[in-house]
Each structure stands twice: as structure tokens, then as C-alpha cells.
Participant: 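This is the structure I have questions about; it appears just below.
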Amino acid sequence: MMHMTFYWSKNVTLLIDSWRTDSWLSYVLSLVACIVASVFYQYLENRRIRLKLLAAGKSSPATTAEIQVPLLRRKVIGGVRVGGAVLFGLSSAIGYLLMLAVMSFNGGVFVAIVVGLAFGHFVFRSEGEEGSLVVDSSCACA
């Protein structure tokens, strides 16, 4: 039966029926996996934002060669847009999986994901360069 309130136990089912923890070792390893996935989510968001800045031309000023060859620049921007779309899809998928893991209502899983997101934000996204860019995110844990 699925819990509908937060509970603290080493027995938890995460995402799929075969991912069940029944010992302290498996529970701790699952919490570490949640932390790593949360940090990876923040890393992907950082890469996506930097790619968006690159496409907007904010990371380097336009050179004379780029102005003389606009078709080449358009092809590069198209590739950046595809890469940005792939990164957005991947980070959205990971974000939704993190949300579903939190919906297991296990207190340790919740704390592990929040700690992972905070640590990932501290390491990858608190530089301030991308702070002025409005980020379009479909995930609540952005």
C-alpha cells in the first residue's frame, strides 16, 4: 500500500516495483543515488543555460568573420537549438523522476533530493552569470 503522508522508514519503494529497499545498506545506497541524480539534474540545467547563452551570443562578442558568413552562423545556431532541446528533454525527464521519487513520501528520500538539489545549485548554478537569463523550465524542482 502506498503511503499518503511522510514516513521515516528504511523500507521504501522508489519509482518501480523492483527498486525496493529492505536493509539499511540498500536504503543508504538509494539515498546516495537520489543525491547524485539531483546534482546531475542541476548540472544539466547549468549546461542548458550556458548553451542558451552561447546561442544568444552573450558569451563572446561577434567577430568580423561571423558577420561576413551569416549562413555558417545560422547552421551553428540550429545545432545549438537542437542540443538545447535535447538537454531540456533530458533534464525535464530527470526532474519528473525526482518528483516521483519524492512522491514516495519517504522522509529520507525527500531530504536526500533537497540536499542534492541545493548542493548542485551551489556548485553549478550560483555563479551569477546566468542569473539575468529567464529560464523556461517545465519542472517544479528547477
Side-chain angles (χ1 to χ4, degrees), residues 1-63 65-67 69-142:
M1 180 170 171
M2 186 175 153
H3 293 270
M4 298 308 260
T5 58
F6 276 105
Y7 68 100
W8 297 89
S9 172
K10 67 177 172 52
N11 299 323
V12 64
T13 302
L14 284 174
L15 302 177
I16 54 177
D17 283 336
S18 60
W19 190 355
R20 293 177 189 226
T21 63
D22 54 358
S23 67
W24 283 107
L25 178 64
S26 63
Y27 182 64
V28 169
L29 289 175
S30 295
L31 296 181
V32 169
C34 288
I35 291 172
V36 169
S38 301
V39 171
F40 185 63
Y41 172 79
Q42 292 290 2
Y43 171 76
L44 284 180
E45 282 294 305
N46 175 280
R47 295 291 99 194
R48 187 178 69 81
I49 291 169
R50 290 196 182 274
L51 197 60
K52 196 169 197 174
L53 286 172
L54 178 69
K58 293 184 180 179
S59 62
S60 63
T63 63
E66 289 176 346
I67 294 171
V69 189
L71 293 178
L72 180 63
R73 178 139 172 88
R74 192 173 299 162
K75 288 180 183 176
V76 170
I77 294 296
V80 169
R81 289 183 67 194
V82 169
V86 168
L87 284 176
F88 178 78
L90 187 59
S91 66
S92 293
I94 292 171
Y96 284 123
L97 288 175
L98 290 172
M99 179 190 63
L100 288 172
V102 167
M103 289 177 60
S104 70
F105 290 104
N106 184 278
V109 171
F110 175 77
V111 169
I113 289 175
V114 169
V115 165
L117 288 172
F119 181 74
H121 181 80
F122 176 76
V123 171
F124 297 114
R125 296 182 67 191
S126 63
E127 297 168 357
E129 178 181 314
E130 66 270 359
S132 62
L133 180 69
V134 176
V135 180
D136 53 344
S137 179
S138 65
C139 183
C141 55

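Please read all numbers here as calculations on a predicted model, not as lab measurements.
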Participant: Rounded to the nearest 0.5 Å, what separates atom CG in L97 from atom OG in S92?
Facilitator: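 OG of S92 is found 11.0 Å from CG of L97.
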
Participant: Can you tell me how far apart CG (L100) and CD1 (I16) are? Round to the nearest 0.5 Å.
Facilitator: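 It is 12.0 Å, given to the nearest 0.5 Å.
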
Participant: Do V12 and Y7 touch side chain to side chain, with heavy atoms closer than 4.5 Å?
Facilitator: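 Counting from C-beta outward, V12 and Y7 do come under 4.5 Å.
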
Participant: Starting at NZ of K10, measure out to OG of S23 and round the result to the nearest 0.5 Å.
Facilitator: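 Reported value, rounded in 0.5 Å steps: 7.0 Å.
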
Participant: How far does CD of Q42 sit from OG of S126, to the nearest 0.5 angstrom?
Facilitator: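 These two atoms lie 10.0 Å from each other.
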
Participant: Can you tell me how far apart CZ (R20) and OH (Y27) are? Round to the nearest 0.5 Å.
Facilitator: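 Those atoms lie 16.0 Å apart.
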
Participant: Side-chain donor-acceptor pairs under 3.5 Å in residues 109-117, sequence neighbours left out?
Facilitator:
none

Participant: State whether the side chain of T21 and the backbone N or O of S26 hold a donor-acceptor pair below 3.5 Å, judged by distance alone.
Facilitator: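 Between the backbone of S26 and the side chain of T21 there is no qualifying donor-acceptor contact (under 3.5 Å).
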
Participant: In terms of heavy-atom contacts, does CZ of F122 have more than 12 from other residues, nucleotides or ligands at under 6.0 Å?
Facilitator: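 No, the 6.0 Å shell around CZ holds no more than 12 heavy atoms from other groups.
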
Participant: Using the side chain to side chain contact (heavy atoms under 4.5 Å, CB included) definition, which of the options L29, L14, N106 pairs with C34?
Facilitator: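 That would be L14.
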
Participant: Work out which heavy atom in S38 is nearest to a heavy atom in L98; give both atom names and the distance.
Facilitator: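 Minimum heavy-atom separation between S38 and L98: OG-CD2, 3.7 Å.
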
Participant: Mind running side-chain contact (heavy atoms from CB on, under 4.5 Å) on V123 and V39 for me, showing each step along the way?
Facilitator: CA-CA 9 Å; V123 171; V39 171; over 6 Å; no

Participant: Can you name the residues that form a side chain to side chain contact (heavy atoms under 4.5 Å, CB included) with L51, not counting sequence neighbours?
Facilitator: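 Counting only residues at least two positions away or on another chain, L51 forms a side chain to side chain contact (heavy atoms under 4.5 Å, CB included) with L54, V80, L87.
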
Participant: Write down the atom of T5, the atom of F105, and the distance for their closest heavy-atom approach.
Facilitator: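 So the minimum-distance heavy-atom pair works out to O-CB, 3.4 Å.
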
Participant: Count the heavy atoms belonging to other residues, nucleotides or ligands that lie under 6.0 Å from CZ of F119, then report whether that count exceeds 12.
Facilitator: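 No.
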
Participant: Say you draw a straight line from CG of N46 to OG of S91; how long is it, rounded to the nearest 0.5 Å?
Facilitator: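 The OG atom of S91 is 11.5 Å from CG of N46, to the nearest 0.5 Å.
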
